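Both ligands and their constituent atoms are indexed starting at 1 by order of listing. The structure displayed is predicted, hence computed values, not measured ones.
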Amino acid sequence: MHRRIFTLTAVAAFFSLIAGIASAQAKWDLASAYPATNFHSENLVQFANDVDKATGGKLKITVHSNASLFKAPEIKRAVQGGQAQAGEIIFANFQNEWQIYGADGLPFLADSYDDSNKLYKAQKPLIEKKLAEQGMVLLYAVAWPPQGIYTKKPLNSAADLKGVKWRAYSPSTSRIAELVGAQPVTVQAAELSQAIATGVVEATMTSGATGVDSKLFEHLKYYYDMQAWLPKNALLVNQKAFAALDKSTQDAVMKAAAEAQVRGLASSKRVNTESIEKLKANGVQVLAPTPQLKADMKKVGDTMLKEWLDKAGPEGKTLIDAFHKS
Ligand code: PCA
């Protein structure tokens, strides 16, 4: 009898030792969809290094950039299901699942860094709640630089986009194409340079940053600096993976995440300026939109906000009201 108790105690001690080692050496895969040299990706690597340092190597995070682990639209589900413990998504990709995710993808609703920050403050509590229901934790979010239009030919008005093969990355960028009579083709950033090079697409709306990352300047020689919206990327973690960490490791993750958000925003602003210069240096005409093009795109924005409010319901109205009051 005594011997049996001893054995059970020994077995229990053995397992708690193994569990101790496991929790002492947690390893996370972090799926991301943008190239390793993109500022969001560099920020993720810095975040992983900070966590490694702060925890004395107790949590090792491997960043898999450029959609090498999961394609952009699959990352959220992969984190939810625990196939990747962490992942970076662009909220706007998930608008069809829940309209609130798409608020920062609406043209001219929040079209400066200040407004983007205000919109995020209004979105954040709703998004945190939704992600919690979905078994995930929001670590941080960082805006892309403002979005403009890349084309092969000069644009006087939106009518010049009729029939043009327009690359979209989200439901709202597809909707823009439909409203101006262009032909939407959804292509994520990881496949963008190939799609442009092979002529599958001949225009897109994105940032200066992606224009440089994907070398859009090789084929698209006009960039209309519309400053239409600033979509946000967000780092998510699987709730169970997070809960499995000890308290001090969780605190280190949260602290590194808060720092990554501040650093990422500063990088976004710096990259915005630098990439416009790089586009010019590579022969792109960086232009302000003509008054007609601007008016046409504003009209597109108004239509899309109306459509969005219809779909988003009272929750959407509360969000927009909170944003406008802030
Ligand atoms: N670049 C990403 C999303 C927004 C941006 O500026 C892309 O074009 O896919």
Side-chain angles (χ1 to χ4, degrees), residues 31-44 65-68 70-76 87-95 101-113 116 119-120 141-151 165-177 182 184-197 200-220 223-235 264-265 267-276 278-279 284 286 297:
S32 98
Y34 302 97
T37 52
N38 173 269
F39 73 95
H40 287 295
S41 313
E42 287 175 346
N43 201 32
L44 289 171
S65 54
N66 213 26
S68 56
F70 292 99
K71 291 191 186 306
E74 296 166 359
I75 291 176
K76 182 165 170 284
E88 187 191 48
I89 63 160
I90 180 165
F91 285 134
N93 266 4
F94 301 93
Q95 181 179 341
Y101 285 137
D104 55 273
L106 296 170
F108 304 111
L109 175 64
D111 53 7
S112 64
Y113 279 101
S116 141
L119 180 59
Y120 183 51
V142 170
W144 284 90
Q147 310 283 292
I149 305 177
Y150 291 84
T151 49
K165 288 179 266 176
W166 170 283
R167 172 265 177 169
Y169 62 79
S170 61
S172 57
T173 48
S174 281
R175 185 66 186 135
I176 293 172
V185 194
T186 299
V187 178
Q188 292 305 324
E191 279 102 42
L192 179 56
S193 38
Q194 203 193 346
I196 300 273
V200 173
V201 297
E202 47 196 11
T204 187
M205 204 156 176
T206 184
S207 57
T210 291
V212 172
D213 286 347
S214 301
K215 296 197 165 60
L216 298 187
F217 50 72
E218 289 182 352
H219 301 275
L220 308 178
Y223 181 64
Y224 292 89
D225 192 8
M226 305 290 306
Q227 308 196 6
W229 73 93
L230 295 82
K232 286 182 294 285
N233 274 11
L235 178 58
L265 179 62
S267 303
S268 179
K269 291 178 177 172
R270 178 176 43 78
V271 166
N272 183 35
T273 312
E274 286 173 4
S275 52
I276 297 289
K278 286 182 190 163
L279 292 175
V284 174
V286 176
M297 295 310 285

Nearest neighbour in protein (non-hydrogen) for [atom]:
atom	result
atom 3 (C) of ligand 1	I90 CD1, 3.6 Å
atom 6 (O) of ligand 1	S207 OG, 2.6 Å
atom 1 (N) of ligand 1	T210 OG1, 2.6 Å

Can you name the closest pair of heavy atoms from [X] and [Y] and give their distance?
X	Y	answer
W229	Y169	NE1-OH, 3.3 Å
A143	H40	O-CE1, 4.0 Å
A209	S275	N-OG, 3.4 Å

Q) Under 4.0 Å from any heavy atom of Q147, which atoms of ligand 1 are there? A) 4 (C), 5 (C), 6 (O)
Q.
If the cut-off is 4.0 Å to any non-hydrogen atom of A189, which atoms of ligand 1 fall inside it?
A. 9 (O)
Q | Nearest candidate to atom 8 (O) of ligand 1, where distance is taken over non-hydrogen atoms, out of T204, T206, T173, N38 | A |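 Nearest option to atom 8 (O) of ligand 1, by heavy atoms: T206.
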Q) Would you say R167 touches ligand 1, if touching means a heavy atom closer than 4.0 Å? A)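 For ligand 1, residue contact (heavy atoms, under 4.0 Å) with R167 is present.
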Q: Kindly assign one of parallel, tilted or perpendicular to the pair Y223 and Y150, based on the angle between their ring planes and the thresholds 30° and 60°.
A: tilted
Q: Would you please name every residue forming a side-chain hydrogen bond (donor to acceptor under 3.5 Å, both in side chains) with K232, sequence neighbours left out?
A: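 With sequence neighbours excluded, K232 shows a side-chain hydrogen bond (donor to acceptor under 3.5 Å, both in side chains) to Q123, given in chain and number order.
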Q) Run the side chain to side chain donor-acceptor pair (under 3.5 Å) check on Y113 and S268 step by step: do they pass? A) CA-CA 9 Å; Y113 279 101; S268 179; 2.8 Å; yes
